[in-house]
Every structure is written in C-alpha cells, then in structure tokens.
Amino acid sequence: MALRLALIILLAALVLAPGLFEPVFAPIAPVGGPVIYTRSSLLSLSLSHLGLVAAASLASTIVAVTLAILVTRPAGEAFRPLSRSITNIGQTFPPVAVLALAVPALGFGVGPTLVALFLYGLLPIFENAMTGLTTLPPQVLEAARGTGLSRRQRLWQVELPLAAPVILAGIRLSLVIALGTATIGSTVAARTLGEVIIAGLLTSNTAFVLQGGLIVGLFAALLYDAMVQIERRLARRMGRS
C-alpha cells in the first residue's frame, strides 16, 4: 500500500508539477537545452492518452467478449477457428503498419490510433474470454440447468460472473499493451504522451524521453495493480483461484 501511494504521488507530481523534477532530469538534458517538456500541458496529454486507450479498450472488450460468447455456444462452435483468425489480425500487423494503412482512409489524428489500438487489443481479451467460458465447473452449469434457468439467464447470471476474473485478466493485459502502444499515435498527430517522447528523440533530449516514458510506465503499473486487485476480489467472491 505504501509503494502504491508513493507511485500515485510521483505520477501526480510528474503530471501536475513537472518543474519540481528539473534538478533530476537536468544531468541528461542537452547543454543549454530545455529540461522539462512545456510545449503542451502534460495533464492534457495524459487525459487525451488515457481517453484514447479507454475508448479503444472498451470497443475491443465489447467485440472480443461478444465473439467469445458466440463461438462458445453450440451453434457457433464451428466458427471458432475463423474468430481466432479475425482477432489475430491486430497481432499479425505491427501497430505502425496499421497506422500507415489507416491514415489514407481516416486521415491524421485520433482515428488511425483508435483503429490500431482496437485491433491490437482484441486477441488477449478474446482468448481469455474463451478460456473463462469453456473452463467453468460442469457441476455448477448442471445445477443452473436443473433450476430451470434459460440459456440467456445461465449466461448472464452464472457463466459471465464466474468467468469474469479470467476475462478481466485479458482486459488488463490489453490495457497495459494499449497504454504503451498509444504513444506511437503521436506520429500521426494524435495527442498522446508519445508527443513528449518523440520530441526528445527528434532533439536528442534524453530528459524528454525519460519524462514521457516514466509517466506512461507509472500509468501502466498503477492500472495493472488496480486490475489485479479487482480480479482477486472477484475470484474470491466467485470461489475461483
């Protein structure tokens, strides 16, 4: 808990009062060059970055979980290989390639970045959702049938709640990947924390690179920890390890 609180305070200070860290970053900044990135507000960049990740991850979750539900039903089981091929698209093409293909159709800005993050986040959520839905205790499912629950009721009241911890693990992995991958969105004019890193690379300013990378890393670490806590509580509640 103490470490978690320390990381939250450090992240808040880096975003809200970056000038406090000028003595820390000064040794790795170019001689006579800027130490702290001030071209844009780090708070606005952080909010925009997180907004992109949240929107893309929400879309990935809805599509991937829905697809997993469909292919774990008897009527859709034959489409499981096709579904795996579809969700593998994002992992087959690097995000940079997806951006390059999406820019001509969607233009510069948020659109190509959302597409890249959406495609890249499908596979981990889909695979975990399938695993969670296909490894449910048979005796629980049989008891649900015995109580007279319909297929829809069994899905919403029994299967999804029991599979939730495993599904959340896939969402966690997808979110962490998206947080790091979203930085490349700045190459197509999307407002992300990648703007700080790219500015550092273009001007050989290691201070900028470290500043942007540290903020993204702290967001990822704290989000990962939060999701793990939620998964553990759900697993205990559902009686699954």
Side-chain angles (χ1 to χ4, degrees), residues 11 15 40-71 83-132 160 163-198 212-228 230-231:
L11 176 60
V15 172
S40 298
S41 164
L42 290 177
L43 177 59
S44 66
L45 288 177
S46 297
L47 292 176
S48 177
H49 189 107
L50 293 175
L52 280 172
V53 170
S57 298
L58 177 61
S60 295
T61 299
I62 292 172
V63 172
V65 173
T66 301
L67 199 56
I69 291 172
L70 292 176
V71 299
S83 300
R84 277 204 166 100
S85 299
I86 293 172
T87 55
N88 262 309
I89 290 176
Q91 302 291 331
T92 303
F93 293 98
V96 175
V98 176
L99 286 177
L101 293 172
V103 164
L106 301 174
F108 288 91
V110 172
T113 307
L114 283 174
V115 171
L117 295 180
F118 166 74
L119 292 176
Y120 216 57
L122 285 175
L123 184 62
I125 301 175
F126 174 74
E127 289 293 343
N128 274 57
M130 274 223 317
T131 299
L160 285 177
V166 183
I167 296 173
L168 280 175
I171 296 173
R172 165 170 51 86
L173 177 58
S174 179
L175 279 170
V176 172
I177 292 173
L179 272 170
T181 307
T183 56
I184 67 170
S186 291
T187 61
V188 292
R191 283 179 55 79
T192 73
L193 289 164
E195 181 179 318
V196 184
I197 298 172
I198 292 171
L214 188 57
I215 294 173
V216 173
L218 286 171
F219 271 127
L222 289 170
L223 181 61
Y224 184 95
D225 178 68
M227 293 294 292
V228 166
I230 294 172
E231 289 166 36

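Side chains are part of it too, since the values below use all heavy atoms of this structure and drop only hydrogens, waters and symmetry mates.
- What you find for V188 and P112 is that their closest heavy atoms are CG2-CB, 4.5 Å.
- Between L175 and S57 the shortest heavy-atom distance is CD2-OG, 3.2 Å.
- Looking at L67, V71, I69, V65 one by one, the single match for side-chain contact (heavy atoms from CB on, under 4.5 Å) with M130 turns out to be V71.
- For the atom pair L214 CG and F219 CZ, the distance stands at 11.0 Å (nearest 0.5 Å).
- Of the inter-residue distances, the one linking L223 atom CG with L218 atom CG reads 12.5 Å to the nearest 0.5 angstrom.
- Under the rule for a side-chain contact (heavy atoms from CB on, under 4.5 Å), the partners of L222 that lie at least two apart in sequence or sit in another chain are R4, L7, I8, L11.
- At distances below 3.5 Å, not a single donor-acceptor pair connects side-chain atoms of S48 with backbone N or O atoms of L45.
- Rounding to the nearest 0.5 Å gives a distance of 11.5 Å between CG of L119 and CG of N88.
- Applying the side-chain contact (heavy atoms from CB on, under 4.5 Å) test to S60 and every residue at least two apart in sequence or in another chain returns F118, L122, I125.
- Nearest heavy atom pair, residue T113 against residue A190, reads OG1-CB, 3.4 Å.
- For the atom pair I215 CD1 and T183 OG1, the distance stands at 12.5 Å (nearest 0.5 Å).
- In this structure S41 satisfies the side-chain hydrogen bond (donor to acceptor under 3.5 Å, both in side chains) test with no other residue, sequence neighbours excluded.
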Give every donor-acceptor pair under 3.5 Å between a side-chain atom in residues 49-56 and any protein atom, sequence neighbours left out.
from : atom 1 : to   : atom 2 : distance (Å)
H49  : ND1    : L193 : N      : 3.1
H49  : NE2    : L179 : O      : 2.9

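- Closest approach of E231 to P165, counting heavy atoms only: CG-O, 3.9 Å.
- Judged as a salt bridge (charged side-chain N to carboxylate O under 4.0 Å, His left out), the pairs with a partner in residues 112-131 (not counting sequence neighbours) are, in order, R84-E127.
- Inter-residue side-chain proximity for N128 and I167 is flagged as unmet; no heavy-atom pair is nearer than 4.5 Å.
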Sequence neighbours excluded and cut-off under 3.5 Å, please list the side-chain donor-acceptor pairs for residues 100-107, or say none.
none

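- Between the side chain of S174 and the backbone N or O of G170, no donor-acceptor pair lies under 3.5 Å.
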